[in-house]
Amino acid sequence: MREIAVFGGSSHPALTAEICAHLAVPQRPVLLKRFANDCLEVQLQSNCRERDVFLIQSLVRPVQENLVELLLMADAARGASAARVNAVIPHFAYARSDKKDAPRISIGGRLVADLLVTAGVDRVLTLNLHSPQVHGFFSVPVDHLHALRELAGHFRQRDLSNAVVVSPDLGYAKSAAAFARRLGLPVAAGAKERFSDSEVRITAIIGDVAGHDVIILDDEISRGTTVFELLDRLREQGARSIAVACTHGLFADNALDKLAASDVTEIVCTNTAPLEAEHPKLTVLSVAPALAEAIRRIHDGESVSSLFDH
Ligand code: R5P
């Protein structure tokens, strides 16, 4: 069996350390240098030759810096004769750029997938892509996990006798339905239209929310535009209480503070993105055990889907 070698980029050191602890393997050192001309250089400071190399890097702010770092790490591993280069990308931010919905724009998700493969990535492990078809942008194998098991485990501790799961849009309704099935709950979805990064409209909610304890489920909360719009509709329709859950808690533009200051009962996300802010209403669930188990299975040639299927 080839040796496993895990390296982490600078995007999320705490998650890398947690994954390594679960795998019971050392975290290999990486040296990052920035030259006077602002270019980066990455040195993997441990032998990669014939190793099964895993590079952990979340594409979170600063996304472009973290992306280039990951590309340089992949190229360095390939150049150092790694047997296989696996990119572990807990949050693949460019997945939101998945269609040409305006003239003369790039489908960034596809371009970044190509860049990763060109840099030497042989395989990708990621979590909750913005839309499942982004998986197909990659010409190498992708293991696409979700965090529904972790999120459902959290909500199982709550009184769910009057609860309903609500997806903000029809695009995420399938995942919300899978989540609701895990909890034995009904599901509803918003009819959402997005006009810009900071403007959305939800005109209706399909399903019954009046008098119910709502759990909003989304893939990510960025500015919170979507969730704030949904909160308005849910209040208008007489929801009894509202909790908010997502996989990627990005919380741009003080979204966490604003959301916590609202009437939501709790906010639950995972640690795919590093979070400095804390709040009594916020619970952060770790995806490190799931990622570590997936890494172990990939390394040992075992089925990953059997573990993480809906
Ligand atoms: C949208 O299509 C996604 O599912 C999320 O609802 C969206 O990315 C959240 O972004 P924001 O919090 O800025 O509305």
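Both counts, for ligands and for their atoms, begin at 1 and track the order of listing. Owing to the predicted nature of the structure, the values given are computational and were not obtained by experimental measurement.
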Quiz prompt | Salt bridge Arg123-Asp143, side-chain N to carboxylate O under 4.0 Å | solution = yes
Self-check item: ligand 1: protein residues within heavy-atom distance under 4.0 Å
Solution: Arg96, His130, Asp169, Lys192, Arg194, Asp218, Asp219, Glu220, Ile221, Ser222, Arg223, Gly224, Thr225, Thr226
Self-check item: Partners passing side chain to side chain contact (heavy atoms under 4.5 Å, CB included) against Asp208 (at least two apart in sequence or in another chain)
Solution: Ala210, His212
Practice problem: Output yes when a side-chain donor or acceptor of Ser97 lies under 3.5 Å from a complementary backbone atom of Gly108, and no otherwise. | Solution: yes
Practice problem: Please collect all ring-ring contact (aromatic ring centres under 6.0 Å, His included) contacts where either partner lies in residues 244-285, sequence neighbours excluded, each pair once. | Solution: His91-His248
Quiz prompt | Pairs touching residues 99-110 that satisfy salt bridge (charged side-chain N to carboxylate O under 4.0 Å, His left out), sequence neighbours left out | solution = Arg110-Asp114
Exercise. Would you please indicate yes or no on a ring centroid separation below 6.0 angstrom for Phe138 and Phe92?
Key: yes
